Amino acid sequence: MSRLAWIPVGIVLLLLPLYLEAPWLKAGQYMMIGAVGAIGLTLLTGQAGQLSLAHGFFLLVGATSYTVLAGPKGDHLGLGLDPLISLVGAVAISALAGMAFAPVAGRVRGIYLGVASLSLVFLGLYLGQAAESLTGGTSTGRDPATFKLFGFPFSNEGDLVVAGVPIRGTERIWYLFLALLALAYWLARGAVRTRIGRAWRAVRDNEAAAAAMGVDVRRTKASVFAVSSAYAGLAGVMTVLWFDILKPDESEYGTYGVNTSIAFLAMVIIGGLGSVGGAVIGALVVFGLPQVLTLYSTDLGWFTGSVTPVLVSSFVYGAAIVLVVLFEPGGLAAVGPRVKHRIRELRS
Amino acid sequence: MTELVLQNVSLRFGGLIALDDISFTVSPGSLHALIGPNGAGKSSCFNVISGLYRPTAGTVRLGVQDLLRLAPHRVARLGIGRAFQNTALSPHSTVLDNVLLGRHALTRGGFLAGGLRLTSRQERLHAARAREICDFLGIGASVDRPLGALPYGVAKLADIARALATEPSLLLLDEPAAGLNTDETAELAAMIGQIRTDLDIAVLLVEHDMELVMGIADQVTVLDFGRVIADGTPADVQTDPDVVKAYLGVTT
Ligand SMILES: Nc1ncnc2c1ncn2[C@@H]1O[C@H](COP(=O)(O)OP(=O)(O)OP(=O)(O)O)[C@@H](O)[C@H]1O
Ligand SMILES: [Mg+2]
């Protein structure tokens, strides 16, 4: 997208909280969580070619780290740090966790790496239940500290009114998430165009050739695992702020489970592997659809018994993946340029 | 550059002996050809020099440096550039992006530096150098095109451009003329000559095109079934009975 095109998009996103009801804002926030996580995964899997099903685990690492770092000293372990520092710390810890896993990628490749990474999700499931002093355990979970920016709380506390609209917790979190997503997007877009992005793609396309060009393959893989996990960790922090609770999963299917890892993979495939913008679009589809369907569910009257919005969305994005793989391997990100190309052809 | 010396190098794949006790020396600034029939072990020899294969015996030295102790990226950073037999480029990236990969060891900066746009100046400078190299090889007009959309001849040159972008003192070229027509091959021969004389880079060349090899090389090493069967000037090697036998398959 050209720079000018961003201005109206930015204005709309900034004004939305003044018009949308809280449930819609919550839905939008959830899509932003997906977008941040998906950008991280598209760097790892799309740019650097490292298949990972561990994204859900790194979300849990970020979520737990934030809660512990910012949490009050009490029943659970809490360091009571400033929330902004805690957020940065949680992202850093997630990056380190990703880097620690990277050596596995030196030994196994492709689908085998995917399977190996899946074991982390089960590790997360176990730790989430076992390390109750950190996570609060599966039955009660644990309250995260309210996010504060230089003392300004992202909650309902204090009166703040803009253009006659009260800016309460939901609105504030919207702006926080929007800023985090913008930063995450901007950093990723910049990085893929420079030295590190070229090294990632070289490792994806031919490790031997990359090494022969002076690229330290091991270090390059470590860097992309670190970056990708940092993004997942940030998405994890956003997740606890969104739910306003840290609650580890009871089974491998949950907020930080296998299904979440697969949802993120779906986002990056639908959006087009390696495309940062595509990852955001993929998140709108995969995380947005169930949210929007839920909001419309009573009006639609479709959802009875076992047919839930989540189930319907799973089918829709499952079908979307099949369509992408069959007809447009470049994903939704490639559709725009293709249409433009077609129009130009028709004109001449 | 200092001398590249291979001494008694052997390489096995299971029961297959790909390289059998080979020794030869590439002198600084020379254009050295490594020839031999299919499967003779030429590419394997390149992979040993690049550090991608580890020989079962022997030594490989660049001056005083023992290359066998170094990881492939460290070997590259000593000034050994490499173009691959079937090209090994990223098809979805542009030619420029591919060539810029060669600047990896000459530049700095990771995710944050790139993401925060702190490396823009460096990127610009090195892109300019990469374009210059592409111009030198005559593919300047294609730098911004995605590699996959270009003819094979251009891809071959892009692969050489990428190797040159590492600013090597020794360039390993694995069958650069394969798949090129006669005119393109003649142009390539001129270009390889220029790389050696104008850029002062030693070239170790694997090539099947005898006319090309004998026309430009000053030293020729001949491999057959993993063994060195001849080593000398083009004139010496051409008349060597073992070489004639290996190439024509004559049994006496
Ligand atoms: N990674 C490998 N694993 C097993 N065998 C290998 C490997 N690489 C090469 N070989 C074998 O080693 C021998 C030498 O192969 P190499 O590719 O070095 O030959 P070459 O001289 O480059 O041939 P060509 O002219 O066809 O490129 C061949 O028999 C080949 O099958
Ligand atoms: Mg070969």
Side-chain angles (χ1 to χ4, degrees), chain A residues 39-40 43-44 46-49 91-92 95 98 106 183-220 222-231 272-276 329-330 334 337, chain B residues 46-47 49-53 70-84 86-94 96-120 122-123 126-127 147 159 162-163 165-168 172 174:
Chain A
I39 292 172
L43 297 180
L44 180 67
Q47 289 277 329
V91 169
L183 179 67
Y185 180 89
W186 182 72
L187 284 175
R189 288 283 299 206
V192 297
R193 281 190 221 140
T194 57
R195 177 176 184 268
I196 191 74
R198 288 189 293 270
W200 288 343
R201 292 187 290 277
V203 165
R204 171 193 69 194
D205 292 334
N206 191 326
E207 284 186 21
M213 293 303 126
V215 175
D216 184 341
V217 173
R218 217 168 19 172
R219 202 171 144 183
T220 303
S223 80
V224 76
F225 271 97
V227 170
S228 162
S229 310
Y231 273 82
L273 277 172
S275 162
V276 176
Chain B
F46 270 20
N47 285 337
I49 298 169
S50 304
L52 296 170
Y53 289 172
L70 300 177
H73 67 274
R74 298 251 167 243
V75 173
R77 291 175 189 187
L78 286 179
I80 298 185
R82 165 116 193 236
F84 288 82
N86 298 309
T87 72
L89 301 153
S90 298
H92 302 293
S93 305
T94 61
L96 182 66
D97 210 45
N98 272 289
V99 174
L100 271 172
L101 181 69
R103 309 301 284 179
H104 188 84
L106 303 168
T107 47
R108 288 284 154 266
F111 175 77
L112 282 177
L116 293 169
R117 277 64 170 177
L118 300 179
T119 56
S120 323
Q122 168 181 280
E123 288 284 326
H126 287 267
L147 197 112
D159 202 24
R162 184 174 69 171
T166 64
E167 308 290 349
L172 309 181
D174 199 344

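Chain naming here is simple, since letters A, B, ... match the order of the sequence lines and numbering starts at 1 in each. We use all heavy atoms of the structure for the numbers below, so side chains are in, but hydrogens, waters and symmetry mates are not. These numbers come from a predicted model, not from an experiment.
Heavy atoms of B:Ser93 lying under 4.5 Å from chain A belong exclusively to its side chain. In this structure, chain B has heavy atoms under 4.5 Å from both the backbone and the side chain of A:Asp216. Proximity to chain B (any heavy atom under 4.5 Å) is shown, for A:Val215, by both the backbone and the side chain. For chain B, the nearby part of A:Leu43 is the side chain; its heavy atoms alone come within less than 4.5 Å. Proximity to chain A is absent for every atom of B:Arg103, based on heavy atoms less than 4.5 angstrom apart. For a residue to count as touching a neighbouring chain, one of its non-hydrogen atoms must lie under 4.5 Å from one of that chain's; by this rule B:Thr107 touches chain A with backbone and side chain alike. Neither the backbone nor the side chain of B:Arg74 comes within contact range of chain A; no heavy atom of the residue lies under 4.5 Å from a heavy atom of that chain.
Atom-to-atom distance recorded for B:Ser90:OG and A:Arg204:CZ is 6.0 Å, nearest 0.5 angstrom. Interatomic distance, CZ of A:Arg193 versus CG of B:Asp97, reported as 11.0 Å (0.5 Å rounding). From B:Arg117, atom CZ reaches atom CG of A:Leu187 across 7.5 Å, with rounding to the nearest 0.5 Å.
By the 4.5 Å heavy-atom criterion applied to side chains, A:Thr194 and B:Phe111 are not counted as neighbours. Here the side chains of A:Val217 and B:His73 are not in contact, with every heavy-atom distance at 4.5 Å or above.
Remark: side-chain polar atoms of A:Arg195 are not paired, donor with acceptor, to backbone N or O of B:Gly110 under 3.5 angstrom.
Of all heavy-atom pairs between A:Ala212 and B:Phe84, the closest is CB-CZ, 3.8 Å. Of all non-hydrogen atoms in B:His104 and A:Gly214, the two that sit nearest each other are CD2-O, 3.6 Å. Nearest heavy atom pair, residue A:Met213 against residue B:Ala76, reads C-CB, 4.2 Å.
The choice from B:Ala127, B:Gly115, B:Ala163 that makes the most heavy-atom pairs within less than 4.5 Å of chain A is B:Gly115. Of the listed residues (B:Leu52, B:Asn47, B:Thr166), the greatest number of heavy-atom pairs within a distance under 4.5 Å of chain A belongs to B:Leu52.
Around atom CZ of A:Arg218, no more than 12 heavy atoms belonging to other residues, nucleotides or ligands sit under 6.0 Å away.
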